[in-house]
Protein chains: 2
Amino acid sequence: MRATRAEISASLLDRGLRCTSQRYAVLQFLLKHPCHPTAEEIHGVVNRRDPRVSRATVYNSLHALVGSGLVREVKLGGDATRFESHIERHHHFVCDQCGGIEDIEWFEPGGITHLSGMTSRSIRALVLQGLCEPCVAKNKQYSSGEES
Amino acid sequence: MRATRAEISASLLDRGLRCTSQRYAVLQFLLKHPCHPTAEEIHGVVNRRDPRVSRATVYNSLHALVGSGLVREVKLGGDATRFESHIERHHHFVCDQCGGIEDIEWFEPGGITHLSGMTSRSIRALVLQGLCEPCVAKNKQYSSGEES
DNA sequence: TTTTGTGCAAAAGGTTTGCATACGA
DNA sequence: TCGTATGCAAACCTTTTGCACAAAA
């Protein structure tokens, strides 16, 4: 998360990717922000600092980073694809109500394979859909009669 | 799945939806085909039978059906939203390689809640991402040295 | 120097919207 | 009849593409 300029540059070169200022900015942003931004959000931030970064280049950079394994693409049902630099195996939780996304520490889904009788399929990861803590609390508040 | 015209019509009226020929066609298609078509696929089929069905109306109809609980909207990470008339609780499996979607019989995800320490979140359903049986087999074939 | 990456602008899906018209209850 | 649904076309949002130009190794 706290990578230096040299480290970021090296990790790009190691994978055969030239270290351009645009790629550097995109990767640095993802390393600094452990959220799950969309390409548009990344473009917004990066472009504000250097207006010479186009939307197409953000997409190009993201694809290059995903291709090299430095970044992971996450499609969780929202309108836009999201990206994260958290590349260790993990699951995701998505809140149906607020759309919030949370990383879930990895656990073997073996029990699920068993539960669903899916012994011949191989499971890579899970997406858990439901209500996050704040939304559960918010709903309780409304349903307990506090109208005003 | 084998609903008569009268039954489909009645289920629409029961929920305060007018039974227009377009809505009828959309709902009938979803009841007949237990797959997970996109709006565009539905429009293609319905429009072929009655060219007077516009794209916008297919979207309107789908939203009305989803709003009334007759149809479920499924966002599984593909490019387009998918729809299904299978409204009983169930999970989904999505193949990373071929994009195929399978319904998974419902099971309580309680074990998962426990595994991930997410006691205060409420889980509605799971999306399992991985490789389906055919794709697992296909990959084995390629990796076992059969080049030609 | 040579290859790879970039900016721009246009286009391609998927989906929504505004408004006059048509149709179901 | 009356109010809701529909068709059309245009707009919107996310993402991709083609091509001339710029920059990294």
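No experiment lies behind these values; they were computed from the predicted model shown. Within every chain, numbering begins at 1; the chains are lettered A, B, ... in the order of the sequence lines, protein sequences first and strands thereafter. For the numbers below, each heavy atom of this structure counts, side chains included, while hydrogens, waters and symmetry mates do not.
- For the pair A:D50 and B:A39, both in contact range of DNA chain C, the more 5′-proximal nearest nucleotide belongs to A:D50.
- Checked by distance alone, A:R18 brings a side-chain donor or acceptor within 3.5 Å of a matching partner on the base of C:dT3.
- No side-chain donor-acceptor contact under 3.5 Å links A:R124 to the backbone of B:Q129.
- A side-chain donor-acceptor contact under 3.5 Å links B:R82 to the backbone of B:H36.
- Residue whose closest nucleotide on DNA chain C sits further toward the 5' end, between B:R55 and B:L13: B:R55.
- Among the protein residues, B:R23 comes within range of the sugar-phosphate backbone only, with heavy atoms under 4.0 Å from sugar or phosphate atoms but none that close to a base.
- When the side-chain nitrogen and oxygen atoms of A:T20 are compared with OP1 and OP2 of C:dT6, one or more of them lie within a distance under 4.0 Å.
- The nearest whole Å value for the distance from the OH atom in A:Y59 to the C1' atom in D:dT15 is 5 Å.
- Both A:S21 and A:D79 sit near DNA chain D, but only A:D79 has its closest nucleotide nearer the 5' end.
- An OP1 or OP2 oxygen of D:dT15 is reached within less than 4.0 angstrom by a side-chain nitrogen or oxygen of A:T81.
- With respect to the salt-bridge test (charged N to carboxylate O, under 4.0 angstrom), the residues A:D96 and B:K75 do not qualify.
- Phosphate contact (OP1/OP2 of D:dT16, side-chain N/O of A:H63, threshold under 4.0 Å): present.
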